[in-house]
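Right, one structure below, let's go through it.
Numbered from 1 within each chain, the chains take letters A, B, ... in sequence-line order.
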2 protein chains.
Amino acid sequence: MSHPTGQSPAAAPGDAQQSVDHALNHAIVEFYEKLSSWEHDVVREKGLTLPQVHTLEILGINQSMQMKELALRMGITTGTLTVLVDRLENKQCVRRRPHESDRRSIIVELTDEGRTLFEEHDRLHMQLTDALTAGLDTKDKAALLRCLEAMNRAF
Amino acid sequence: MSHPTGQSPAAAPGDAQQSVDHALNHAIVEFYEKLSSWEHDVVREKGLTLPQVHTLEILGINQSMQMKELALRMGITTGTLTVLVDRLENKQCVRRRPHESDRRSIIVELTDEGRTLFEEHDRLHMQLTDALTAGLDTKDKAALLRCLEAMNRAF
DNA sequence: CCGTTTATCTTGACAGTCAAACTAAAATAC
DNA sequence: GTATTTTAGTTTGACTGTCAAGATAAACGG
């Protein structure tokens with residue numbers, strides 16, 4: 001990894017940048033895994049599964065959606081969603097409602113109980129974010145936000 | 001949420017900070033979901049499942065592990081791991097090997113094929129990181145790394 | 001009207017998950 | 001030194017998520 005020819009004065013900074021990139025990759029993967037594991041634990045404590053909570057989150061943000069829309073948003077087939085919604089309906093978290101004008105369509109929405117679960121989960125997320133970023137100074141927080149938003153746009 | 005008493009001159013900056021925190025929370029959740037979805041798609045293209053690739057990743061980093069260790073590291077029971085490893089063994093990605101001194105224990109390790117898959121996946125991750133952070137300047141990248149590492153430690 | 005498209009549900013086949021029961025080996029007790 | 005307990009891994013049974021493919025029913029387009 002050294003530069004025996006000494007041809008390039010830019011070599012050292014280049015390597016330093018590459019090592020930052022590697023460290024960044026590593027830190028992202030690690031962060032992702034820790035977040036996954038946290039989410040998994042939190043969700044299971046409520047007696048729900050990850051897809052179930054994911055459904056509540058999307059419905060919590062969007063108020064109500066068609067089955068079709070919801071499946072697309074979640075990246076699953078409508079067949080999978082049918083039984084997912086069945087189970088959430090059994091748990092009294094969501095309800096099916098006929099579409100106003102299209103009798104093929106079905107609207108899914110949160111019940112009061114579902115909304116409560118969603119809000120609790122959201123609060124836990126906020127608390128986690130607060131705890132994780134507690135050690136960061138204002139400037140770093142702002143930079144972090146800027147970076148995350150740029151990366152989200154880049155996806 | 002306002003400060004009707006007017007006791008605290010810090011009210012305005014406090015609110016601004018709170019709004020950064022909310023945005024941060026939102027950006028983290030969004031980033032997590034996009035990453036999840038990317039991982040899901042990448043993994044399925046290789047004909048593997050998420051837990052299977054997760055196993056390859058951990059073995060790729062740690063060279064070889066006991067079933068017990070591996071299950072603990074992955075946050076699943078050894079019963080679940082048994083069939084997971086069975087399937088990976090069928091796909092020629094990993095191999096079981098007896099423990100040197102403890103005949104109850106079993107060592108799992110990557111085969112050459114498994115290591116290749118791991119390295120390919122790792123490369124894809126690196127490429128994703130590069131693509132996502134391409135638009136960030138050197139200073140922001142450094143701040144991002146610093147924040148992620150602090151958050152990983154805070155977990 | 002009739003063929004086509006669309007929204008949902010159903011079915012069949014797998015994978016991941018856990019808890020609990022089971023087996024074999026190691027460690028500890030006495 | 002055996003008897004008991006603990007530990008590592010597997011097996012089993014029940015449930016959830018997943019998809020693809022097929023079935024239903026409604027809407028749409030001539």
Next item on the list: Apply side chain to side chain contact (heavy atoms under 4.5 Å, CB included) to B/Arg97 and list each qualifying residue two or more places apart in sequence or on a separate chain.
Entry: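 For B/Arg97 the side chain to side chain contact (heavy atoms under 4.5 Å, CB included) partners, ignoring immediate neighbours, are B/Ser64, B/Glu100, B/Ile107, B/Glu109.
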Give the rounded distance in Å between these two atoms: [atom1] of [X] and [atom2] of [N].
X        : N      : atom1 : atom2 : value
A/Ile106 : C/dA7  : CD1   : C1'   : 8 Å
B/Asn90  : C/dG16 : CG    : P     : 12 Å
A/Asp102 : D/dC28 : CG    : C1'   : 10 Å
B/Glu100 : C/dA25 : CD    : P     : 17 Å
B/Leu70  : D/dT10 : CG    : P     : 11 Å
A/Met65  : C/dT8  : CE    : C1'   : 16 Å
B/His99  : C/dA26 : NE2   : P     : 11 Å
B/Met67  : C/dA25 : CE    : C1'   : 16 Å

Margin query: List the residues meeting side-chain hydrogen bond (donor to acceptor under 3.5 Å, both in side chains) with B/Ser36, not counting sequence neighbours, and say none if there are none.
Written below: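 B/Ser36 satisfies side-chain hydrogen bond (donor to acceptor under 3.5 Å, both in side chains) with A/Tyr32 once adjacent residues are dropped.
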Quick one: list whatever passes side-chain hydrogen bond (donor to acceptor under 3.5 Å, both in side chains) with A/Thr78, sequence neighbours left out.
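Checked A/Thr78 against side-chain hydrogen bond (donor to acceptor under 3.5 Å, both in side chains); zero matches.
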- Query: How long is the span from the CZ atom in A/Arg123 to the CG atom in A/Leu128, to the nearest 0.5 Å?
  - Reply: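 That separation rounds to 14.5 Å.
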For the atom pair SG (A/Cys93) and CG (A/Leu59), what is the distance rounded to the nearest 0.5 Å?
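If we round to the nearest 0.5 Å, A/Cys93:SG and A/Leu59:CG are 10.5 Å apart.
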Distances under 3.5 Å only, N/O to N/O: pair up the protein atoms with those of nucleotides 2-6 of chain D.
none

Checklist entry - When we call it a touch if two heavy atoms are under 4.0 Å apart, what does B/Ser105 touch: a base, just sugar-phosphate, or nothing? => result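 It contacts sugar-phosphate atoms only.
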- Task: Mind checking B/Ser101 for me? I need base, sugar-phosphate or nothing, with any heavy atom below 4.0 Å counting as a touch.
- Result: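 B/Ser101: backbone/sugar contact only, no base atoms under 4.0 Å.
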Which pairs of donor and acceptor atoms, one on a side chain in residues 145-155 of chain A, lie under 3.5 Å apart (sequence neighbours left out)?
residue: A/Arg146; atom: NE; partner: B/Asp140; partner atom: OD2; Å: 3.1
residue: A/Arg146; atom: NH2; partner: B/Asp140; partner atom: OD1; Å: 2.8
residue: A/Asn152; atom: OD1; partner: B/Phe31; partner atom: N; Å: 3.4
residue: A/Asn152; atom: ND2; partner: A/Leu148; partner atom: O; Å: 3.4
residue: A/Asn152; atom: ND2; partner: B/Ala27; partner atom: O; Å: 3.3

Below the 4.0 Å mark, does C/dA7 have OP1 or OP2 next to a side-chain nitrogen or oxygen of A/Arg103?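 For C/dA7, neither OP1 nor OP2 has a side-chain N or O of A/Arg103 closer than 4.0 Å.
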* Asked: Would you say A/Arg96 reaches C/dC9's phosphate, i.e. side-chain N/O to OP1/OP2 under 4.0 Å?
  ->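 Looking at the OP1 and OP2 atoms of C/dC9, one of them is under 4.0 Å from a side-chain N or O of A/Arg96.
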If two hydrophobic side chains count as joined below 4.5 Å and joins carry through other members, does B/Val43 share a cluster with B/Leu35?
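Looking at the clustering, B/Leu35 is in a separate group from B/Val43.
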Determine the minimum heavy-atom distance between B/Met67 and B/Leu81, stating which atoms define it.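 For B/Met67 and B/Leu81, the tightest heavy-atom pair comes out as O-CD2, 3.2 Å.
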Tabulate atom names and distances for all N/O pairs under 3.5 angstrom spanning the protein and nucleotides 16-20 of chain D.
residue: D/dT16; atom: OP2; partner: A/Arg87; partner atom: NE; Å: 3.4
residue: D/dG17; atom: OP1; partner: A/Thr49; partner atom: OG1; Å: 2.4
residue: D/dG17; atom: OP1; partner: A/Gln52; partner atom: NE2; Å: 3.3
residue: D/dG17; atom: OP2; partner: A/Arg87; partner atom: NH1; Å: 2.9
residue: D/dC19; atom: OP2; partner: A/Thr77; partner atom: N; Å: 3.1
residue: D/dC19; atom: OP2; partner: A/Thr77; partner atom: OG1; Å: 3.3
residue: D/dC19; atom: OP2; partner: A/Thr80; partner atom: OG1; Å: 2.8

Under 6.0 Å between ring centres, would you say that holds for B/His22 and B/His26?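 Distance test on ring centres: not under 6.0 Å, no.
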